A.B. asks: 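Below is a structure I'd like to ask you about.
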Amino acid sequence: MFLSVFEMFKVGIGPSSSHTMGPMVAAARFLDLMRGSPFQFAGVRASLHGSLAFTGVGHATDRATILGLAGFVPDTYDNDRAEAVLADLEATHQLKPDGLPPLKFDPKRDLVFDYDTQLKGHANGMILMATDAQGDVTLRQVYYSIGGGFVMTEEELAAGKDTDEGAPVPFPFKSANEMLEMARASGKTIAGMKRANEESRGGADNLKRGTARLWQVMNDCIDRGLENDGILPGGLNVKRRAKAIHDALQAERGMNQQAPHTINDWMSVYAMAVNEENAAGGQVVTAPTNGAAGVLPATLRYYLDHVPGASEKHVEDFLLTAAAIGGLVKYNASISGAEAGCQAEVGSAAAMSAAALCAVMGGSPEQVENAAEIALEHHLGMTCDPVRGLVQVPCIERNGLGAIKAVSAASLALRGDGTHLVPLDACIETMRQTGADMSEKYKETSLGGLAVNVPNC
């Protein structure tokens with residue numbers, strides 16, 4: 001099993017990897033399908049289903065789909081150009097993607113939130129259609145946004161492409177147990193095995209440049225979040241808090257009677273800064289999703305800024321270890337809140353972060369696996385119930401607490417020798433089963449939990 005670090009961590013935009021980035025990617029793929037078709041097209045249509053319909057407005061799924069059909073992709077997204085395209089669409093009811101004729105599209109008529117029809121492949125389903133001059137559909141494709149910005153067509157999902165192993169790699173572990181066996185046999189760390197896999201596909205230079213960029217984008221996102229304040233969009237009137245908390249923490253530095261637990265506030269504020277940027281539609285890195293994007297950068301920033309002896313030369317190992325754990329979770333369970341609740345998002349992010357922190361602090365592969373298990377175990381059963389479908393409440397604070405749990409899990413694992421009762425594989429399988437048993441109203445539909453018990457207007 002191989003899932004690249006650059007698939008697990010993708011540069012994109014907020015507020016959601018599955019509900020914003022995924023639909024944009026799907027729409028861009030549909031444009032490529034149209035470009036390769038012999039038909040002449042005059043218009044496009046879209047319908048959103050399942051969780052994409054129920055929380056689509058809060059996640060800007062409609063906007064992302066429209067911009068994807070206009071030719072935008074997440075990693076090169078330009079907000080100023082997007083606003084210009086949307087203004088032109090409002091005036092002309094036309095989209096003008098490169099390589100295709102102008103396409104008729106009226107968002108009020110041609111973009112449908114279908115709350116009644118659940119597509120079979122995944123909770124996040126959408127249908128994209130192209131029409132001829134008479135308005136008849138001449139090309140149609142079903143896409144599923146399966147979490148973390150990953151997108152599959154109906155046919156790809158049915159064929160098992162979401163678990164496609166691809167070309168052979170040196171260390172093709174599919175489970176934590178196999179990962180540990182390969183580490184013992186090779187004498188390599190988890191990061192070392194993951195590095196060998198990555199370099200066999202893309203080369204050492206690509207890996208070095210790519211991981212450096214990922215951390216730069218993550219760190220820049222933290223910094224922006226610590227500098228910006230105001231009210232987040234969406235109508236809940238949620239106030240940004242990261243800047244004020246950070247300012248207070250900075251003012252308290254050097255005080256003789258600072259409480260030890262204040263370090264938790266530093267971890268939380270780094271994570272909240274990222275997720276406030278995400279909620280505002282800013283540039284973030286999926287880690288493994290947008291809704292959980294703050295946990296890993298916060299843990300890494302905590303390590304670099306607060307742990308004696310920390311070094312940026314360990315950033316690549318941190319990201320590689322996290323990606324190895326995230327790949328196991330995605331392959332054997334899910335990283336999608338719409339599929340398995342927030343245990344699959346913040347829980348996975350905490351497990352990845354705990355493992356990575358344990359690794360760069362000198363943990364053995366067994367201790368790294370233990371750290372991931374501790375963090376994931378104590379997120380089991382966590383629901384995804386965003387108020388008004390916005391990635392704000394409880395998501396922003398939840399990332400802060402996820403980072404705290406990740407650091408605590410790594411610390412506990414480092415205090416032991418790696419032996420423990422519950423294997424990571426058993427914990428991942430428990431998460432999968434729990435997600436399957438969980439009511440749909442707690443899986444990113446905003447039909448239960450906080451979403452219906454907190455006044456949102």
Side-chain angles (χ1 to χ4, degrees), residues 8-9 17 147-148 176 190 218 222 263-275 278 284-303 307 318-330 332-337 340-361 363 367-384 391 394-414 420 422-432 434-435:
M8 183 58 63
F9 303 120
S17 49
I190 292 168
M218 289 179 181
I222 293 175
I263 193 62
N264 290 335
D265 298 340
W266 282 100
M267 297 177 215
S268 292
V269 80
Y270 295 146
M272 291 170 65
V274 172
N275 284 85
N278 179 63
V284 298
V285 176
T286 63
T289 67
N290 281 32
V295 178
L296 187 137
T299 306
L300 182 46
R301 180 73 169 256
Y302 159 78
Y303 164 72
V307 176
F318 190 102
L319 295 175
L320 288 170
T321 304
I325 299 301
L328 293 178
V329 176
K330 185 179 187 304
N332 294 295
S334 176
I335 59 169
S336 167
C342 199
Q343 60 173 355
E345 296 203 29
V346 171
S348 298
M352 294 161 61
S353 304
L357 180 60
C358 182
V360 298
M361 292 185 67
Q367 288 172 314
V368 169
E369 183 262 359
N370 188 16
E373 184 277 325
I374 294 171
L376 183 60
E377 179 181 315
H378 298 289
H379 283 88
L380 291 176
M382 182 173 280
T383 59
C384 183
V391 193
C395 320
I396 294 170
E397 287 180 350
R398 187 168 285 175
N399 274 256
L401 274 292
I404 292 170
K405 285 187 183 181
V407 174
S408 297
S411 184
L412 284 173
L414 286 165
H420 55 107
V422 180
L424 177 58
D425 289 328
C427 195
I428 292 173
E429 172 58 16
T430 301
M431 188 186 82
R432 186 195 66 78
T434 303

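If you're wondering where the values come from, they're calculated on a predicted model, not measured in any experiment.
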A.B. asks: Please name the pair of heavy atoms, one in Ile374 and one in Ala413, separated by the smallest distance, quoted to 0.1 Å.
C.D. replies: CD1-N, 4.2 Å
A.B. asks: Which atom pair, heavy atoms only, marks the closest approach of Ser336 to Gly147?
C.D. replies: CB-CA, 4.0 Å
A.B. asks: Against Ile325, only a single residue in Met8, Met352, Lys330 fulfils side-chain contact (heavy atoms from CB on, under 4.5 Å); can you say which?
C.D. replies: Met352
A.B. asks: Atom CG in Asn264, atom CG in Leu401: separation rounded to 0.5 Å?
C.D. replies: 9.0 Å
A.B. asks: What's the spacing between Cys427 SG and Glu373 CD if we round to 0.5 Å?
C.D. replies: 5.0 Å
A.B. asks: Do the side chain of Thr299 and the main chain of Val295 share a donor and acceptor less than 3.5 angstrom apart?
C.D. replies: yes
A.B. asks: Of all the heavy-atom pairs spanning Gly337 and Cys384, show the shortest one and how long it is.
C.D. replies: O-CB, 4.1 Å
A.B. asks: When rounded to the nearest 0.5 angstrom, what distance separates CE in Met218 from OG1 in Thr286?
C.D. replies: 7.5 Å
A.B. asks: Side-chain contact test, heavy atoms from C-beta onward, threshold under 4.5 Å: evaluate it for Pro297 versus Arg301 and give yes or no.
C.D. replies: no
A.B. asks: Identify the two heavy atoms, one from Ala375 and one from Ala354, that lie closest to each other, and give their separation to 0.1 Å.
C.D. replies: CB-CB, 3.9 Å
A.B. asks: Quick one: does Asn275's side chain have a donor or acceptor within less than 3.5 Å of a partner on Gly294's backbone?
C.D. replies: yes
A.B. asks: Check whether any side-chain heavy atom of Glu369 sits under 4.5 Å from a side-chain heavy atom of His420, and report yes or no.
C.D. replies: yes
A.B. asks: Take Arg432 and Asn332 through the test side-chain contact (heavy atoms from CB on, under 4.5 Å) and record every step on the way to the result.
C.D. replies: CA-CA 8 Å; Arg432 186 195 66 78; Asn332 294 295; over 6 Å; no
A.B. asks: When you measure from the side chain of Asn399 to the backbone of Gly291, do you find a donor-acceptor pair of N or O atoms at a distance under 3.5 Å?
C.D. replies: yes
A.B. asks: Taking all atoms of both residues into account, what is the closest heavy-atom pair of Ala322 and Phe9, and its distance?
C.D. replies: CB-CZ, 3.9 Å
A.B. asks: Yes or no on side-chain contact (heavy atoms from CB on, under 4.5 Å) for Leu319 and Leu296, after CA distance, side-chain angles and deciding distance?
C.D. replies: CA-CA 9 Å; Leu319 295 175; Leu296 187 137; 3.8 Å; yes
A.B. asks: Is the backbone of Cys358 close enough, under 3.5 Å, to the side chain of Gln367 for a donor and an acceptor to pair up by distance?
C.D. replies: no
A.B. asks: To the nearest 0.5 Å, how far apart are OG in Ser334 and CE in Met431?
C.D. replies: 6.0 Å
A.B. asks: I want to check something: taking the side chain as every heavy atom from C-beta on, are Leu412 and Asn370 in contact at a cut-off of under 4.5 Å?
C.D. replies: no
A.B. asks: Kindly state each residue pair satisfying side-chain hydrogen bond (donor to acceptor under 3.5 Å, both in side chains) with at least one member in residues 287-298, sequence neighbours excluded.
C.D. replies: Asn278-Asn290, Thr289-Glu345
A.B. asks: Using a 3.5 Å distance criterion without hydrogens, assess whether the side chain of Gln343 forms a donor-acceptor pair with backbone atoms of Gly381.
C.D. replies: yes
A.B. asks: Working to the nearest 0.5 angstrom, can you tell me the gap between Lys405 NZ and Met267 CE?
C.D. replies: 14.0 Å
A.B. asks: Shortest non-hydrogen contact from Ala406 to Ala350?
C.D. replies: CB-O, 3.6 Å
A.B. asks: Rounded to the nearest 0.5 Å, what's the gap from CD1 on Ile222 to CG on Leu300? Could you check?
C.D. replies: 7.5 Å
